[in-house]
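These notes are about the structure you will find just below.
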Amino acid sequence: MLQATNVVRGAVPATVRPAGGSSLLLTENQQWIGGPPPLMDKLTPRERELVLKQGRRKVLNRGQTLFSQGGKHDGIWLIESGRIRVFYTSPLGREITLAYWHVGNFVGGPEVFEGTVHQWSGVASSNCSVVHLPGKELRSLAVEIPNLAIGLIEGLTFKGKCYSALAQMLGTRSITQRLAHLLLHLVELYGVEDADGRVIAAAFTHADIAHMVGATRQWVTISLKRMQEKGIVVTKRSQIVVCRADALEEMRGQSGD
């Protein structure tokens with residue numbers, strides 16, 4: 001479900017993996033571990049300088065909105081530091097997290113140039129620094145720098161596959177399966193050794209988890225409490241410790257809620 005999902009099968013490094021280049025996505029495809037290629041990865045130093053010269057740097061505190069669903073669209077934002085949560089809000093106000101994008105990724109699609117409106121919203125889930133590349137300038141740069149154009153295509157292709165996988169996952173997997181998979185995935189990305197197991201060393205509230213698996217905060221709280229009663233997880237303040245990854249693996253594979 002959630003991706004990069006090389007989830008806790010056997011030994012997992014005890015250190016937290018660096019967030020740069022990683023992404024948090026609801027998909028089962030393990031080939032997508034680590035997220036899409038960084039947009040600027042194939043550019044020469046001179047080409048990077050040309051791109052950044054056209055950009056406008058912006059710093060956001062955690063919780064600040066970068067762009068809003070339905071708002072006027074103009075270009076993309078390249079993430080230099082921190083993490084951006086991208087989510088869709090239904091007409092009834094329900095949110096579903098599409099992805100958490102990290103350093104090297106860009107947000108603001110599926111349109112990458114100017115015109116139209118945003119199809120979803122983006123908000124800083126940690127303190128962030130981003131570079132805004134306006135649509136008109138980005139179009140000119142893509143013509144001038146072929147590797148930038150290729151990077152945009154690769155990034156949009158990756159995102160399209162991921163959002164398609166998200167729709168498939170929500171329609172074919174139970175909420176319990178999605179929650180088990182998410183917990184395993186978070187351990188893979190952020191797990192560090194703890195006396196009781198492996199602690200997820202990242203700040204995700206019950207509401208954050210609910211938005212990722214397509215559930216309510218109350219359902220997540222009740223489910224984690226039941227898992228704790230069975231010795232599968234332990235909740236410590238705002239952190240979750242996974243004690244029995246094998247039990248989560250079993251839950252991930254079973255049918256029904």
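Nothing fancy with the numbering, it's 1 onward along the sequence.
Applying the side chain to side chain donor-acceptor pair (under 3.5 Å) test to every pair with at least one member in residues 87-96, sequence neighbours left out, gives these pairs: Arg85-Glu95. Screening residues 50-66 for side chain to side chain donor-acceptor pair (under 3.5 Å) gives Arg57-Glu80 as the qualifying pairs, with residues at least two apart or on separate chains.
Side-chain atoms of Asn105 and Pro38, non-hydrogen and from C-beta on, never get closer than 4.5 Å to each other. Using a 4.5 Å heavy-atom cutoff, the side chains of Leu156 and Phe106 are in contact. Contact of the Leu39 side chain with the Ile76 side chain is registered, since non-hydrogen atoms from C-beta on lie closer than 4.5 Å.
Checked against side-chain contact (heavy atoms from CB on, under 4.5 Å), Ile150 has the following partners two or more places apart in sequence or in another chain: Lys42, Asn147, Glu154.
Each of His181, Met251, Arg252, Met227 was compared with Thr176 under the side-chain contact (heavy atoms from CB on, under 4.5 Å) criterion, and only Met251 meets it.
Aromatic ring pairs are classed by plane angle as parallel below 30°, tilted from 30° to 60° and perpendicular above 60°; the pair His118 and Trp77 is tilted.
Cation-pi geometry between Lys72 and Phe67 is not met at under 6.0 angstrom from the ring centre and within 45 degrees of the axis.
Remark: the Thr116 side chain and the His73 side chain contain no N/O donor-acceptor pair separated by less than 3.5 Å.
Ion pairing between Glu229 and Arg226 fails under the 4.0 Å rule for side-chain N and carboxylate O.
Between Ala215 and Ile175, the shortest heavy-atom contact is CB-CG2, 3.7 Å.
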